[in-house]
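These notes concern the structure reproduced below.
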Amino acid sequence: MLKKLLLIALLSGLPLGMVHAQEDLLNPEPEITITHDGEATYYEYRVGGILKEIKVIPVIGEPYYLVPKGESGELIRAGEPTVLTPKWILFSW
């Protein structure tokens, strides 16, 4: 009971913006950097500054993903994305 009252007292003293900032730290959105060269388009997904995956869309062929393997930074090819991002279709015709 005392722990619950202490928790309520601490949370009521926090500004509302601080609570939202803590939620953002728990569920950060990925930063996406798009680069082009003559052969492909690359989408780099970083969360908290750490590279999570690279989506490669070649001019010819199917898109694929490069995912870092362990702490070495070596990239391996994956068929499915590992970063969950919203993919909405706004218009289709």
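Excluded from the calculations below are hydrogen atoms, water molecules and symmetry mates; all remaining heavy atoms, backbone and side chain alike, are included.
When the side chain to side chain donor-acceptor pair (under 3.5 Å) test is applied to Glu31, no partner is found at least two apart in sequence or on another chain. Applying the side chain to side chain contact (heavy atoms under 4.5 Å, CB included) rule to Ile60 yields no partners; only residues at least two apart in sequence or on another chain are considered. By the side chain to side chain donor-acceptor pair (under 3.5 Å) test, Thr33 is found to be paired with no residue, residues two or more places apart in sequence or in another chain being considered.
Here the straight-line distance linking atom OH of Tyr65 with atom CD of Glu53 works out to 6.0 Å at 0.5 Å rounding.
Residues in residues 34-43 take part in no salt bridge (Lys or Arg N to Asp or Glu O under 4.0 Å) pair, two or more places apart or across chains. The list of salt bridge (Lys or Arg N to Asp or Glu O under 4.0 Å) pairs with a residue in residues 41-50, not counting sequence neighbours, reads Glu44-Arg46.
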Checklist line | side chain to side chain contact (heavy atoms under 4.5 Å, CB included) assessment of Thr41 paired with Thr35 | finding: CA-CA 6 Å; Thr41 302; Thr35 57; over 6 Å; no
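Nearest heavy-atom pair, Pro58 versus Ala40, reported as atom, atom and distance to 0.1 Å: CA-CB, 3.8 Å. Considering all non-hydrogen atoms of both residues, Ile57 and Pro63 come closest at CG1-CB, 4.1 Å.
Chaining together hydrophobic side chains whose heavy atoms lie under 4.5 Å apart places Leu66 alongside Tyr42, Leu51, Ile54, Val56, Tyr64, Leu75.
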